[in-house]
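Chain A is the first sequence line, chain B the second, and so forth, proteins listed ahead of strands; every chain is numbered from 1. Because the structure is predicted, anything quoted here is derived from the model rather than measured. Every heavy atom of this structure was used, including side-chain atoms; hydrogens, water molecules and symmetry mates were not.
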There are 2 protein chains.
Amino acid sequence: MIDTKQKLLDTAERLIAEQGYAATSLRHIISEAGVNLAAVHYHFGSKEDLLDQVILQKASSVNTARLTILDRLEKEASGTPLPVSEVLSAFFEPMIEAGTRSPQFVKLMGRMFAEGLLPTIVAKHFRPTFVRFAEALQRSLPFLSEAELFWRLQFMIGAMSHALCAPRAAPEGVLTDTALPDFRPPDFENIVRRLMTFLCGGFQAPPCPEIH
Amino acid sequence: MIDTKQKLLDTAERLIAEQGYAATSLRHIISEAGVNLAAVHYHFGSKEDLLDQVILQKASSVNTARLTILDRLEKEASGTPLPVSEVLSAFFEPMIEAGTRSPQFVKLMGRMFAEGLLPTIVAKHFRPTFVRFAEALQRSLPFLSEAELFWRLQFMIGAMSHALCAPRAAPEGVLTDTALPDFRPPDFENIVRRLMTFLCGGFQAPPCPEIH
DNA sequence: GTCTATACTGAGATAGAC
DNA sequence: GTCTATCTCAGTATAGAC
């Protein structure tokens with residue numbers, strides 16, 4: 001078949017979103033895709049590179065949208081720093097839209113964060129976007145030192161990561177459920193909007209006194 | 001040897017803190033500990049249960065200290081809700097102290113979070129503590145709905161998790177470095193205090209309007 | 001260039017002798 | 001309690017058919 005590669009990408013995306021990366025063996029993927037084991041290494045080189053391509057296929061459009069919105073907002077503001085809420089909005093609205101259209105996308109991202117694969121695989125796809133947003137936030141929050149802003153961005157990444165893979169459960173289920181839920185769109189949107197509110201408060205907190 | 005079990009615990013803790021859980025094979029652990037492979041399964045049952053015991057040994061004292069401080073603060077306040085900053089302080093100060101005394105502890109915790117082992121293994125050790133703190137925060141923030149508070153707690157967990165395993169790097173290194181650093185004590189304390197400031201702002205943000 | 005068959009290495013787990 | 005031997009399954013590598 002000509003589309004062996006695409007079949008592998010699609011099957012891998014589905015199975016990894018359902019079961020996680022570590023729990024999904026190449027042999028399971030190839031059996032569902034109906035191709036040979038060696039085809040994976042022919043087309044992708046390794047299991048990790050297969051994942052890399054799956055992520056690339058899904059994440060790049062979200063990041064493009066983020067940068068487009070941020071550029072537009074900054075142009076409209078013509079030099080004056082954007083409010084934090086607008087920068088965060090440019091970052092999260094494309095994610096809400098992507099997640100609403102395709103819950104599997106959210107699940108896959110959640111898996112990546114949950115399994116700690118962000119640093120090694122996803123970072124390179126997201127890094128330029130994060131750097132761009134970091135610069136925008138630096139202008140919005142001039143009273144923060146670079147170090148302070150750096151860490152607040154780390155906190156944002158962590159909060160977002162965890163929220164993506166957290167159980168969509170009632171308060172009595174705090175930290176109980178480990179299964180990743182199918183986020184129904186309104187739930188997902190609600191959670192991300194709560195996150196934006198939370199982050200807005202966090203970013204605008206007065207700077208932390210330094211310790212030496 | 002009588003202390004085969006303890007040697008396994010100590011060696012596992014060290015190697016997992018250095019290399020991560022997935023990257024540390026049982027065969028590596030037993031070779032450094034000088035015991036037989038089957039001893040692991042005899043004493044612990046599985047690799048996962050070995051990790052479980054390593055965590056238990058290290059985390060329980062921190063959680064005990066957290067609950068002790070929170071109890072004391074609430075007793076002193078005699079019924080009036082505690083300020084958010086004090087609740088957060090009760091939660092994070094014991095972690096700062098543990099991390100300052102033993103950087104390896106922080107590194108191990110960071111590994112757990114980074115590899116997404118929190119939900120399946122660590123949650124059961126931390127759950128009672130989190131529930132207790134959730135109740136305290138509910139009293140401190142009566143204007144938040146249960147759902148809102150639930151999610152803000154999730155955001156806190158995520159931010160804390162990520163901060164524990166984030167690179168201790170200059171701002172130009174955002175998301176670049178994947179190696180876990182040895183937190184030098186003042187760095188670690190600084191980061192956690194920045195986190196507390198950030199969370200204080202986030203928790204006290206006005207509630208997010210619900211969407212339906 | 002594309003894909004198949006098969007072998008290799010290392011992982012965690014287990015049964016049973018001592 | 002401990003150890004040897006073995007099992008199954010993972011990801012990877014290669015030789016060669018088409």
Side-chain angles (χ1 to χ4, degrees), chain A residues 1-57 108 111-112 114-122 178, chain B residues 1-57 108 111-112 114-122 178:
Chain A
M1 291 252 195
I2 264 185
D3 50 352
T4 298
K5 192 169 175 176
Q6 193 58 44
K7 271 199 300 192
L8 278 170
L9 283 170
D10 294 341
T11 311
E13 182 193 343
R14 179 170 54 82
L15 290 179
I16 293 174
E18 284 170 6
Q19 313 174 337
Y21 174 74
T24 304
S25 71
L26 288 180
R27 285 169 172 83
H28 188 178
I29 295 172
I30 57 124
S31 104
E32 296 226 356
V35 306
N36 186 274
L37 176 59
V40 177
H41 294 91
Y42 175 74
H43 286 288
F44 301 99
S46 71
K47 184 184 180 184
E48 200 173 303
D49 288 325
L50 169 58
L51 176 65
D52 196 73
Q53 293 302 308
V54 170
I55 301 291
L56 181 61
Q57 191 171 257
L108 181 65
R111 289 289 184 193
M112 296 304 95
E115 297 192 60
L117 298 169
L118 234 242
T120 53
I121 300 173
V122 185
T178 68
Chain B
M1 290 249 197
I2 264 185
D3 51 349
T4 296
K5 192 169 175 175
Q6 193 59 44
K7 271 199 298 192
L8 279 169
L9 282 171
D10 293 342
T11 311
E13 182 192 344
R14 180 170 52 81
L15 290 179
I16 292 175
E18 284 170 8
Q19 314 175 336
Y21 173 73
T24 305
S25 69
L26 288 179
R27 283 169 171 84
H28 189 177
I29 296 172
I30 59 124
S31 105
E32 296 227 356
V35 306
N36 185 273
L37 176 58
V40 178
H41 296 93
Y42 174 74
H43 286 289
F44 301 99
S46 71
K47 185 185 180 185
E48 200 174 303
D49 288 325
L50 168 58
L51 176 65
D52 196 73
Q53 293 302 307
V54 169
I55 301 291
L56 180 61
Q57 191 172 253
L108 181 65
R111 289 289 185 193
M112 297 303 95
E115 298 192 58
L117 298 168
L118 235 240
T120 52
I121 301 174
V122 185
T178 68

5'-most contact on DNA chain D: A:A38 or A:H28, nearest heavy atom basis? A:H28
Do A:L9 and A:F44 come close enough that some side-chain heavy atom pair is under 4.5 Å? yes
Among C:dG12, D:dG11, C:dT2, the one nearest A:L26 by side-chain distance: D:dG11
Measure from the side chain of B:Y42, starting at C-beta and using heavy atoms only, and say which of D:dT2, C:dG1, C:dG12 lies closest. D:dT2
Hydrogens and angles aside, do B:D10 and B:Q6 bring a side-chain donor and acceptor to less than 3.5 Å of each other? yes
Rounding to an integer number of Å, can you tell me how far B:L50 CG sits from C:dA13 P? 10 Å
Among C:dG12, D:dA13, D:dT12, the one nearest B:S25 by side-chain distance: C:dG12
Scan B:A39 against the nucleic acid and name what it touches under 4.0 Å (heavy atoms): base, sugar-phosphate only, or nothing. nothing
Whole angstroms only, please: what is the CZ-P distance between A:F44 and D:dA13? 16 Å
Of A:V35 and B:A22, the one whose closest DNA chain C nucleotide lies more 5': A:V35
Quick one: A:N36 CG to D:dT12 P, roughly how many Å, whole number? 15 Å
Look at the side chain of A:L37 and decide which nucleotide, out of D:dT12, C:dA13, D:dT4, has an atom nearest to it. D:dT12
Are the side chain of A:E32 and the backbone N or O of A:T11 linked by a donor-acceptor pair below 3.5 Å? no
Round to a whole Å and report the spacing from CG of B:D3 to C1' of D:dG1. 13 Å
Within the pair B:H41 and C:dA13, is there a side-chain N or O less than 4.0 Å away from OP1 or OP2? yes
C:dT2 phosphate, OP1 or OP2, under 4.0 Å from A:T4 side-chain N/O: no
Between C:dC3, D:dT4, D:dT2, which one does the side chain of B:H43 approach most closely? D:dT2
Interatomic distance where CG belongs to B:D52 and P belongs to C:dG12 [whole Å]: 17 Å
Atom-to-atom span, OH of B:Y21 to P of C:dG12 - whole angstrom: 8 Å
Would you mind reading off the distance between A:L51 atom CG and D:dG11 atom C1', rounded to a whole angstrom? 14 Å
Nearest whole angstrom, please: distance from the C1' of C:dA13 to the CD of B:E48. 13 Å
With distance as the sole criterion, do the side chain of B:R27 and the base of C:dG10 form a donor-acceptor contact below 3.5 Å? no
Of all heavy-atom pairs linking A:I16 and A:T24, the shortest is CA-OG1, 3.9 Å
Do A:E115 side-chain atoms and A:Y21 backbone N/O form a donor-acceptor pair below 3.5 Å? yes
